[in-house]
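Read the structure below first, then the notes.
Just so we're on the same page: letters track the sequence lines, and every chain starts at 1. We use all heavy atoms of the structure for the numbers below, so side chains are in, but hydrogens, waters and symmetry mates are not.
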Protein chains: 2
Amino acid sequence: MVSLHNYVFNISPISESAWQDINALFLPKQLRKGDYFITEGKTATQIGFINSGIIRAFAKGRNGQEYNKHLFTAPSFIGGYASLITGNTNKINQEALTDCELLVADYHKLTALYDKHPDFERVARKLAELFFAAKEQREIELVMLSAEERYLLFRERMPGLEFEIPLYHIASYLGVSAVQLSRIRKNLAR
Amino acid sequence: MVSLHNYVFNISPISESAWQDINALFLPKQLRKGDYFITEGKTATQIGFINSGIIRAFAKGRNGQEYNKHLFTAPSFIGGYASLITGNTNKINQEALTDCELLVADYHKLTALYDKHPDFERVARKLAELFFAAKEQREIELVMLSAEERYLLFRERMPGLEFEIPLYHIASYLGVSAVQLSRIRKNLAR
DNA sequence: AGCTAATCTTTACATAGGTTAATTTTCTCC
DNA sequence: GGAGAAAATTAACCTATGTAAAGATTAGCT
């Protein structure tokens with residue numbers, strides 16, 4: 001299991017003193033399957049780190065249909081990043097698909113450490129850059145690849161995950177209906 | 001016109017000394033319509049700032065079809081951000097759709113200033129965060145909205161732009177074929 | 001083990017949107 | 001201003017994928 005410490009140091013090493021200050025802000029928290037970490041319409045204040053479990057981030061359309069923007073597994077930060085950054089309300093929800101072990105910190109207490117620890121702000125910069133590059137990649141794949149290709153890529157990148165959560169969540173993550181994913185799987189099996 | 005100075009200070013103010021060091025790295029550059037700022041397969045080394053003109057960032061599929069990931073207008077940074085960050089080759093191209101006035105700097109000379117000027121690294125962090133939030137928003141819109149809704153949103157956000165560049169570039173930006181955009185426009189006109 | 005609810009697949013049908021090609025309209029530049 | 005190129009529209013056709021509903025399968029209790 002990748003600890004918060006290793007995860008952070010892997011992005012960009014920081015001083016021992018910075019790590020102490022950061023670590024002190026994170027407290028353990030459990031989520032039960034079905035619990036929400038953030039909810040649309042509310043303003044995010046916390047950032048979480050997944051030690052175990054699976055969380056989906058999803059947006060809701062007006063007809064009530066949902067789109068799974070992302071599936072998070074350990075190790076990974078979660079939270080209403082856009083809301084934390086801009087101060088606007090969340091446009092999305094994050095729901096535990098399994099029981100989860102998290103570490104949770106107040107985001108603004110964390111960002112208050114940037115002045116004291118520029119090496120930590122560097123971590124935040126690199127993280128934001130990596131998030132951006134990942135989003136860019138996903139955007140290209142959503143538009144340029146067929147649903148079947150996206151499914152194959154998904155299986156490659158998150159092996160086993162398709163057996164831990166309902167397929168319709170994966171379909172939504174891939175941007176297709178559960179029916180269509182079922183057809184795709186049938187095709188591949190031949 | 002929003003200058004580089006104002007653009008940067010608007011994100012997060014920096015010391016006069018930091019601004020001097022940054023500004024010294026940016027040199028004017030003209031692009032003619034049709035010129036490329038970055039090319040896929042090559043590694044990006046430069047970052048640009050658009051003072052005037054329009055640039056499209058696009059990805060190419062295997063069948064040669066293109067997808068306009070983004071349309072840039074002044075004021076805006078351009079460059080192979082993902083490549084600059086990761087050191088991998090560009091997966092995308094950036095092509096001038098009109099003659100352009102840019103300021104261009106070596107990216108690594110710029111990032112070398114982070115140690116000396118933490119206030120500048122803060123600018124970089126906020127910028128990356130804003131980029132990320134924008135991508136997230138675009139991703140949601142691509143998946144949740146119909147092509148017609150995306151077109152209306154585009155007209156609202158970039159008024160007039162549809163009269164400055166070929167419609168098929170806008171269609172590609174919206175993720176539909178030129179034929180389909182034509183149908184959409186016809187529908188709206190009724 | 002067996003019951004119930006959840007999930008997955010399949011079928012039938014509808015539609016948005018792709019492709020290709022022909023036609024019309026609009027630019028561009030001599 | 002006219003010729004040729006570029007862009008936009010239209011028409012014809014096709015396919016991927018959506019929706020709804022019915023069945024089949026699986027999982028989660030008690």
Side-chain angles (χ1 to χ4, degrees), chain A residues 32-35 53-54 56 58-68 71 95-99 140-155 160-190, chain B residues 32-34 54 56 58-68 71 95-99 140-155 160-190:
Chain A
R32 303 295 301 277
K33 179 173 172 173
D35 287 349
I54 305 169
R56 71 177 179 122
F58 68 101
K60 276 189 210 157
R62 19 191 171 322
N63 342 354
Q65 88 287 30
E66 299 180 353
Y67 162 59
N68 283 348
L71 299 173
E95 177 196 7
L97 296 181
T98 65
D99 292 352
I140 293 176
E141 288 167 7
L142 267 176
V143 177
M144 306 291 282
L145 301 184
S146 68
E148 177 172 313
E149 290 170 309
R150 297 201 299 278
Y151 174 57
L152 291 171
L153 215 47
F154 166 79
R155 290 207 303 198
L161 188 53
E162 71 180 314
F163 306 114
E164 301 192 48
I165 58 177
L167 262 182
Y168 57 77
H169 279 318
I170 291 163
S172 171
Y173 175 66
L174 298 174
V176 297
S177 66
V179 172
Q180 182 60 11
L181 179 53
S182 188
R183 289 192 277 240
I184 289 169
R185 282 156 59 87
K186 190 182 184 182
N187 268 340
L188 288 173
R190 263 190 304 110
Chain B
R32 303 294 300 277
K33 179 175 172 173
I54 305 168
R56 71 178 180 123
F58 68 100
K60 275 188 210 158
R62 22 191 170 322
N63 341 353
Q65 88 288 30
E66 299 180 353
Y67 162 58
N68 283 348
L71 299 173
E95 178 198 5
L97 295 181
T98 64
D99 293 351
I140 293 176
E141 287 167 6
L142 267 177
V143 178
M144 306 290 283
L145 302 184
S146 68
E148 178 172 312
E149 291 171 309
R150 297 201 298 279
Y151 173 58
L152 291 172
L153 214 47
F154 166 79
R155 290 207 303 197
L161 188 53
E162 70 180 315
F163 307 115
E164 301 191 49
I165 59 177
L167 263 181
Y168 58 77
H169 279 319
I170 292 164
S172 171
Y173 175 67
L174 297 175
V176 297
S177 66
V179 172
Q180 183 61 10
L181 178 54
S182 188
R183 289 193 275 239
I184 288 168
R185 283 156 59 88
K186 190 182 183 181
N187 268 339
L188 288 174
R190 264 190 304 111

Checklist line | Contact summary for B/Leu174 and B/Leu142, nearest pair of heavy atoms | finding: O-CD2, 4.1 Å
Polar atoms only, N or O, under 3.5 Å: list the protein pairs with nucleotides 22-30 of chain D and their distances.
none

Note to self: According to side-chain contact (heavy atoms from CB on, under 4.5 Å), who are the partners of B/Arg183, at least two apart in sequence or on a separate chain?
What the structure shows: B/Val179, B/Gln180
Notebook entry, point to check: How far does the helix from C/dT9-D/dA22 to C/dC30-D/dG1 bend, going by the axes of its first and last five pairs, to the nearest 10°?
Noted result: 50°
Next item on the list: Please list, chain by chain and in numerical order, all residues satisfying side-chain contact (heavy atoms from CB on, under 4.5 Å) with A/Glu66, sequence neighbours excluded.
Entry: A/Arg56, A/Phe58, A/Lys60
Sort me out a list of protein N/O and nucleotides 14-18 of chain C N/O pairs below 3.5 Å, or just none if empty.
from, atom 1, to, atom 2, distance (Å)
C/dG17, OP2, B/Gln180, NE2, 3.0
C/dG18, OP2, B/Ser177, N, 3.0
C/dG18, OP2, B/Ser177, OG, 2.8
C/dG18, N7, B/Arg183, NH2, 2.8
C/dG18, O6, B/Arg183, NH1, 3.1
C/dG18, O6, B/Arg183, NH2, 3.3

Note to self: As a test of reading the structure: which of C/dT7, C/dT10, D/dA8 is closest to the side chain of A/Lys186, going by heavy atoms?
What the structure shows: C/dT10
Next item on the list: Can you sort out the partners of A/Asp35 under salt bridge (charged side-chain N to carboxylate O under 4.0 Å, His left out), two or more places apart, ordered by chain and number?
Entry: none
Next item on the list: Can you sort out the partners of B/Tyr67 under side-chain hydrogen bond (donor to acceptor under 3.5 Å, both in side chains), two or more places apart, ordered by chain and number?
Entry: A/Glu139, B/Arg138
Next item on the list: Can you sort out the partners of B/Leu145 under side-chain contact (heavy atoms from CB on, under 4.5 Å), two or more places apart, ordered by chain and number?
Entry: A/Arg62, B/Glu141, B/Glu149, B/Arg150, B/Leu153
Checklist line | With sequence neighbours excluded, residues passing ring-ring contact (aromatic ring centres under 6.0 Å, His included) with A/Tyr151 | finding: none
Next item on the list: Check the distance between C/dT7's P and A/His169's NE2 and give it to me in whole angstrom.
Entry: 7 Å
Notebook entry, point to check: Any Lys/Arg nitrogen of B/Lys33 or B/Asp99 sitting under 4.0 Å from an Asp/Glu carboxylate oxygen of the other?
Noted result: no
Notebook entry, point to check: What integer distance in Å separates B/Leu167:CG from D/dA8:P?
Noted result: 4 Å
Checklist line | B/Ser182: side-chain contact (heavy atoms from CB on, under 4.5 Å) partners, not counting sequence neighbours | finding: none
Margin query: Output the rounded distance in Å from CE (B/Met144) to P (D/dG18).
Written below: 13 Å
